[in-house]
Each structure stands twice: as C-alpha cells, then as structure tokens.
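Please read all numbers here as calculations on a predicted model, not as lab measurements. Note that these values count all heavy atoms, side chains included, but never hydrogens, waters or copies made by symmetry.
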Amino acid sequence: MGFNLQNLEAALKAGRKYTYLPFSLHFFESVSSTNQTLWNLLKQGAISGTVVTATEQSAGRGQWGRQWISPVGGLYLSVGISFDHKIDATDSYQLTFATAWGIASQLRQRGVDVGIKWPNDLVLNGRKLGGILTETKVNKGQITQAVIGVGINWTNSVPETGINLESWQTSQDFRPITCLEMLTSIVLLGIESGIECLCQEGVKVLLSRYLDLLTNMGDRVYVNNISGTVVGVTPQGNLRVDLGRDHTKELITPEIYIEPGTISLGYHKSSV
C-alpha cells in the first residue's frame with residue numbers, strides 16, 4: 001500500500017494548532033538520502049519548511065558518517081529550515097535536541113511512552129525506535145540553514161536492539177497510530193513544536209524539557225576507567241558526567257563534559 005500525500009495533508013491540518021513552519025511536502029518512492037535530496041531542493045530555491053519523505057533510502061546517513069539502513073516500511077523524512085535569528089554554529093545540537101524532544105512529546109501525548117537517548121535517538125522499551133541527523137549550512141559562524149533528517153521504525157525489520165512501532169502497538173490494548181501518514185504528521189508536528197520552543201522560548205526551557213525525557217539521567221558511565229554519573233547535557237550538546245559522587249578524594253574536576261560521538265551509551269536488550 002502506497003504513501004498517500006492527501007492523507008498526510010489531512011492529518012497535518014487536523015493536528016496543527018498553529019503554523020510555525022509552512023510545510024511544503026515532497027514525496028519520493030526511493031532516494032539516496034532524504035537529507036541530500038532536500039539540500040538539492042534548497043539549492044534550487046525551495047522555501048524554509050520544505051519536507052522530503054521517501055518510501056526507502058539507498059544511502060541513508062546516520063551520525064558520524066554511519067550508514068542508516070532504510071528498508072521499506074520505515075519513516076524517512078527531512079525538513080529544511082532557514083534561520084533569521086542567530087544560532088551559533090557551535091550550538092547545532094540544539095536543533096537535534098529540539099527535534100528529539102518535540103517528536104517524543106508528540107508521541108507521548110498519544111500514549112506512546114517514548115524517551116530520548118543522548119544525543120539523538122528515540123527509544124521505546126529501552127530499544128531504538130528512531131534517530132535524528134541534523135546537517136547545517138554556516139555563514140560567519142552562524143547557522144543560516146539546517147536540514148533535519150528523521151528515521152523511525154514503523155513496520156520495517158529491526159536489529160535486536162531496535163523496535164518498530166507497529167509491533168509495539170500489537171502488544172498494547174490500544175493502537176494510537178493507525179498508518180504511516182499519521183505517524184509522519186506526528187513527526188512533523190513534533191519538529192515544528194521543538195523548533196518553535198528553541199526559537200521562541202530559548203535553550204534553557206528546551207534543555208529542561210529534553211532532560212525530562214532523557215533516559216540516560218543517573219546512568220553510570222566510565223571515562224578513562226573512572227566511573228561517573230550522567231547528570232545532564234550542556235547547551236552545546238555535551239554530556240555532563242559527575243565524577244564526585246564516587247571519587248571524593250584526589251579529584252580536581254568533579255564534573256566533566258563528553259562530546260557526542262566520543263562514547264557510546266549502548267542499549268539495554270529487552271525481552272519485550
């Protein structure tokens with residue numbers, strides 16, 4: 001069964017309380033990557049709020065150059081956003097945090113108990129439901145454009161550490177999301193609400209909301225064989241790790257900041 005753009009437009013119209021991003025929807029059966037397709041459209045003059053969604057990606061991209069496997073049955077979309085106000089290039093992770101919080105909160109409002117795994121994964125029952133890849137265009141140290149890519153497991157097969165939404169729904173007493181178009185509209189509404197929170201209410205409000213849904217809070221991590229406890233994230237996206245709880249003696253720096261990509265927090269394998 002194919003993707004129905006009219007159903008997506010209807011779901012978006014029904015779900016929107018306001019219009020912060022003027023979504024312009026583009027659907028493709030197969031692309032190399034929705035992010036790359038969107039960058040190409042932006043070069044051709046596409047407006048802020050342009051959306052690319054595809055049935056499958058042949059060369060999907062994940063964080064730090066990893067390949068994102070993108071079989072039929074998943075949700076793959078990218079949104080292009082232009083910025084008038086100042087966002088420093090060093091603050092690009094704020095866009096990822098905004099997206100993760102926005103999507104997770106929209107799903108939670110519908111009864112899907114999604115959390116966030118630092119820095120950019122959506123988790124359900126301790127397993128990976130989806131991921132976010134933010135790419136930016138920078139001028140004079142400021143972000144002028146961003147493409148936010150999102151992949152979410154819908155009915156596609158997943159590895160042992162993953163979960164898809166449809167299989168989770170079959171184990172519940174209710175089925176809050178009935179089709180891929182509805183899920184797509186929820187994701188777009190999430191991106192919109194997250195970016196609006198960042199741009200209108202500021203990073204402090206956004207970070208507090210992100211931390212409320214962060215599944216890693218209180219986790220034990222090891223850095224250079226020293227154990228510490230996750231206590232938060234910085235506005236630049238670094239993980240805040242408190243070493244002082246376990247090492248009260250001989251400690252010069254009780255808290256350290258870990259950049260994304262330098263350690264892996266891993267996944268709990270679930271029997272669900």
Side-chain angles (χ1 to χ4, degrees), residues 1-5 7-8 10-12 14-15 27-31 33-34 51 53-63 66-78 96 99-133 148-191 194 212-216 219 264-272:
M1 190 173 166
F3 191 89
N4 189 309
L5 212 53
N7 285 356
L8 171 57
L12 267 177
F27 172 73
F28 299 87
E29 281 294 336
S30 180
V31 295
S33 122
T34 56
V51 177
T53 185
T55 299
E56 63 179 341
Q57 300 180 113
S58 59
R61 300 201 289 266
Q63 287 280 19
R66 295 173 185 153
Q67 185 183 11
W68 177 272
I69 306 299
S70 314
V72 172
L75 179 152
Y76 313 110
L77 70 76
S78 299
T96 299
T99 300
W101 168 76
I103 295 171
S105 62
Q106 286 288 327
L107 286 167
R108 289 170 74 91
Q109 286 172 32
R110 290 160 176 83
V112 186
D113 193 21
V114 173
I116 300 167
K117 174 177 168 285
W118 175 80
N120 65 310
D121 284 357
L122 299 167
V123 294
L124 184 60
N125 285 0
R127 294 154 76 185
K128 184 169 181 173
L129 177 67
I132 297 157
L133 176 65
I148 298 171
V150 178
I152 292 187
N153 300 320
W154 170 238
T155 59
N156 53 295
S157 59
V158 295
E160 192 179 358
T161 53
I163 189 170
N164 77 39
L165 203 48
E166 192 68 294
S167 66
W168 176 84
Q169 290 192 138
T170 60
S171 68
Q172 306 301 305
D173 296 330
F174 64 110
R175 191 167 179 258
I177 299 167
T178 55
C179 60
L180 183 57
E181 292 87 349
M182 183 180 179
L183 177 60
T184 304
S185 74
I186 290 167
V187 168
L188 288 173
L189 293 172
I191 295 171
D212 282 344
L213 302 185
L214 190 66
T215 60
N216 307 109
D219 278 4
S264 173
L265 297 180
Y267 275 95
H268 309 294
K269 288 183 181 175
S270 171
S271 59
V272 176

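Applying the salt bridge (charged side-chain N to carboxylate O under 4.0 Å, His left out) rule to Glu56 yields no partners; only residues at least two apart in sequence or on another chain are considered. Annotation: side-chain hydrogen bond (donor to acceptor under 3.5 Å, both in side chains) contacts of Ser167 (sequence neighbours excluded): Asn164. Thr55 meets the side-chain hydrogen bond (donor to acceptor under 3.5 Å, both in side chains) test with Glu29; sequence neighbours excluded. Annotation: ring pair (Phe, Tyr, Trp, His ring centres under 6.0 Å) contacts of Phe28 (sequence neighbours excluded): none. The side-chain contact (heavy atoms from CB on, under 4.5 Å) test applied to Thr53 returns Phe3, Phe27, Leu77, not counting sequence neighbours.
Annotation: the span from Leu213 atom CG to Ser105 atom OG amounts to 7.0 Å, rounded to 0.5 Å. Within the model, atoms CG of Leu8 and CE of Met182 stand 12.0 Å from one another, a figure rounded to the nearest 0.5 Å. Taken to the nearest 0.5 Å, the CG atom of Leu129 stands 7.0 Å off from the CD1 atom of Ile163. One finds the CD1 atom of Ile103 at 10.5 Å from the CD1 atom of Ile186 (value rounded to the nearest 0.5 Å). Rounded to the nearest 0.5 Å, atoms OG (Ser185) and CG (Leu180) are 10.0 Å apart.
Summarising the geometry of Ala54 relative to Val31, their closest heavy-atom pair is CB-CG2, 3.8 Å, with the distance given to 0.1 Å. The nearest pair of heavy atoms linking Glu181 to Asn4 is OE2-N, 2.7 Å.
Residues Leu124 and Leu165 meet the side-chain proximity criterion, which asks for heavy atoms closer than 4.5 Å. The shortest side-chain heavy-atom distance between Ile177 and Leu107 falls under the 4.5 Å cut-off. Residues Val187 and Thr99 have side chains not in contact (no heavy-atom distance under 4.5 Å, counting atoms from C-beta outward).
Between the side chain of Asn216 and the backbone N or O of Trp118 there is at least one donor-acceptor pair closer than 3.5 Å. Checked by atom type and distance alone, the side chain of Asn120 pairs as donor or acceptor with a backbone atom of Ile132 at under 3.5 Å.
In this model, a donor atom of one side chain and an acceptor atom of the other lie less than 3.5 Å apart for Gln169 and Glu166.
A salt bridge does not link Arg127 to Glu160: none of the charged nitrogens lies less than 4.0 Å from a carboxylate oxygen.
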Stepwise side chain to side chain contact (heavy atoms under 4.5 Å, CB included) check, Lys128 with Asp121: CA-CA 7 Å; Lys128 184 169 181 173; Asp121 284 357; 3.4 Å; yes
Return all side-chain donor-acceptor pairs below 3.5 angstrom for residues 109-116, not counting sequence neighbours, or 'none' if the list is empty.
residue: Arg110; atom: NH1; partner: Gln106; partner atom: O; Å: 2.9
residue: Arg110; atom: NH1; partner: Gln106; partner atom: OE1; Å: 3.0
residue: Asp113; atom: OD1; partner: Arg108; partner atom: NH1; Å: 2.9

